[in-house]
Amino acid sequence: MSNGSGITPRAQDFSAWYNDAIMRAELADYSPVRGCMVIRPNGYAIWELMQRALDDMFKATGHRNAYFPLFIPQSFLEKEAEHVEGFAPQTAVVTRGGGKELEEPLVIRPTSETIIYAMFAKWIQSYRDLPLLINQWANIVRWELRTRLFLRTTEFLWQEGHTAHVDEAEAEREARMILGLYRRFAEEWMAMPVITGIKTASEKFAGALRTYAIEALMQDNRALQAGTSHNLGQNFAKVFGVQYQTAEGGVAHVWNTSWGVSTRLIGGLVMTHGDDVGIVCPPRLAPVQVVIVPIYKTDTERAAVMEVSTTSAEMLRAAGLRVELDGREGMKPGAKYYDWEGRGVPLRLEVGPRDVGQGQVTAAQRTGGKSPIRVGELVRSVTFRLEAIQRELLERARTRCEQRTRRGVTKGELIAMMNGEGGFAFGGFCGSGECEAAIKEQTKATIRVLPDEEFRSPIAPVRCVWCEAPSVAEAVWARAY
RNA sequence: CGGGGUGUGGCGCAGUCCGGUAGCGCGCCUGGUUUGGGACCAGGAGGUCGCCGGUUCGAAUCCGGCCGCCCCGACCA
């Protein structure tokens, strides 16, 4: 759909729509390497904005960035039993280098716990060295069988935080704090509402004590795991000998956490806000927040219109906004509208002779609606409108999510819902892996999280949705990406 | 890896059954006229028809083999 002649409607084929929307916005392209994608400038710009916001949040909470190698000695990965079992099937391994067979194969990192904690062991001596709060921005390789742009590719970009703490309580606070931070990012920046909670044993990170996650509901009513935060306990510390001297003179293993979000978030953004025209960027993450389209016939009109357009662009940029002035000649205004709408630009300013004559510009919101803005109120009004769009997108997504959420579901309802239109189903859970597996078997739905208190139903379910045994926790089911 | 589909200028496709000089739309380039929701005219560039082999005077088309990609299932952020 690179010619912009239209994309598959969501209702017809959501997957096709997703691909079309990404292609039209030029966020990404398929690469010559199977399973891998190229992130194009429009897509990478969104990632850079995400990075900046997240990085600021990490720094504000005391974390520092570092960089660890892409290659991990195979033996490292194999040290933690559960970890190797979880990741070995999806690793790429380098066995040759410099024209020679390597003495020890090097795994291309599927995640960096092992190599980072090997280094932590060197750096941590005393309780005074704790907590150690590290983050790295990196690429990862996981040999996926089936890939989708942004949602699952063989190589992807992410951020992985790794921390070491004196005790379980502090590690738990860290893992929890990051989960909250992810939630804030999802809601305040991406305008994507999420449910937070803890993963069941079957969905837990390989090697973790506990895994927490934020889960969002996409427009096709499938869930997207948008971020995870793990309390790793002392599993890795014991294997890699990450020990410290306590204030009392004893020796103890540290408690680790790790947490990450990836370029998958871009897929979440697309599937949360996009419409049948294309993607819709929430203003705070829009590479172009405002596009100005000049409209004119004669040279005289052109001069006047460009004058106002240029001045407007300068004023808005001076106010810190990301503004593009579309001065392409020989392209009709309507064509430009479609072009920028497909890129998800939240606000468009049309500047024509009539506007100039009346001392105004016409503002069109990507979410719908056109209205004039007095030139004298430009910055204030544009800023206000962008904030309104940001709020509107979150509200709209939240309403959609609530409409697709059912609480206190029965077994029959769960089956019907998951094999039907989908959504989030809240219900009682006995805690057994058998029930969990049976439900997955019959509905393809998994427990996304055992939700945190804030998201739980006012009246706790009494019995397991599946087996009628007493419920030990409320669970949220959905079919997931 | 199993099931389904598909490979023809940058993109989307027709042509394949029935072999005979490779076409259409969009995009791209040049010039001109246009410009308040996808402009128009004229001229032009661009393809060893996924790859290898076979049949034939002649293959995009028929036969055999291989490969890629997309969708659906088993693994996963």
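Throughout, protein chains are lettered first and strands after them, A, B, ... in sequence-line order, and every chain is numbered starting at 1.
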Between side-chain atoms of residues 83-90 of chain A and protein atoms elsewhere (two or more places apart, or another chain), which donor-acceptor pairs fall under 3.5 Å?
residue : atom : partner : partner atom : Å
A:H83   : ND1  : A:A206  : O            : 2.9
A:Q90   : NE2  : A:E144  : OE2          : 3.3

Does anything in residues 297-306 of chain A form a side-chain hydrogen bond (donor to acceptor under 3.5 Å, both in side chains)? List the pairs, not counting sequence neighbours. A:R302-A:E329
Taking only distance into account, with no hydrogens and no angle test, what donor-acceptor pairs under 3.5 Å do side-chain atoms of residues 304-312 of chain A form with protein atoms, sequence neighbours excluded?
residue : atom : partner : partner atom : Å
A:S309  : OG   : A:V305  : O            : 2.8
A:T310  : OG1  : A:M306  : O            : 2.6
A:T311  : OG1  : A:E307  : O            : 2.6
A:S312  : OG   : A:V308  : O            : 2.7

Using distance only, find each side-chain donor-acceptor pair of residues 339-352 of chain A under 3.5 Å and give its atom names and separation, not counting sequence neighbours.
residue : atom : partner : partner atom : Å
A:D339  : OD2  : A:R328  : NH1          : 3.3
A:D339  : OD2  : A:R328  : NH2          : 2.8
A:W340  : NE1  : A:D326  : OD2          : 2.7
A:E341  : OE2  : A:R348  : NH1          : 2.8
A:R348  : NE   : A:E350  : OE2          : 3.1
A:R348  : NH2  : A:E350  : OE2          : 3.0
A:E350  : OE1  : A:Y337  : OH           : 3.3
A:E350  : OE1  : A:K370  : NZ           : 3.2
A:E350  : OE2  : A:K370  : NZ           : 3.0

Please work out if A:E215 contacts a base, only the sugar-phosphate, or nothing of the nucleic acid, heavy-atom cut-off 4.0 Å. nothing
Counting the atoms with a prime plus P, OP1 and OP2 as sugar-phosphate, which does A:K370 contact under 4.0 Å by heavy atoms, base, sugar-phosphate, or nothing? base
Apply side-chain hydrogen bond (donor to acceptor under 3.5 Å, both in side chains) to A:Q360 and list each qualifying residue two or more places apart in sequence or on a separate chain. A:D355
Using a cut-off of under 3.5 Å, enumerate the N/O to N/O pairs linking the protein to nucleotides 4-9 of chain B.
none

Salt bridge (charged side-chain N to carboxylate O under 4.0 Å, His left out) filter on A:R398, not counting sequence neighbours, yields A:E187, A:E395
Here the residues of residues 325-332 of chain A within 4.0 Å heavy-atom distance, strictly under, of RNA chain B are A:G330, A:M331, A:K332
Mind checking side-chain hydrogen bond (donor to acceptor under 3.5 Å, both in side chains) for A:T405 and listing every partner two or more places apart, or none if nothing turns up? none
Base-pair map of RNA chain B as dot-bracket, where | denotes pairing with a different strand and pairs are Watson-Crick or G-U under 3.5 Å: ((((((((.[[[[.)....(..]]]].((((((.....)))))).....[[[[[..)....]]]]])))))))....
Contact residues, residues 347-364 of chain A to RNA chain B [heavy atom, < 4.0 Å]: A:R348, A:E350, A:G352, A:P353, A:R354, A:D355, A:T362
If stacking means aromatic ring centre less than 5.5 angstrom from the base's six-membered ring centre, planes under 30°, is A:Y337 stacked on B:rG37? no
What N/O pairs connect the protein and nucleotides 70-75 of chain B at under 3.5 Å? Give each pair on its own line.
residue : atom : partner : partner atom : Å
B:rC72  : OP2  : A:R146  : NH2          : 2.2
B:rG73  : OP2  : A:R146  : NH1          : 3.3

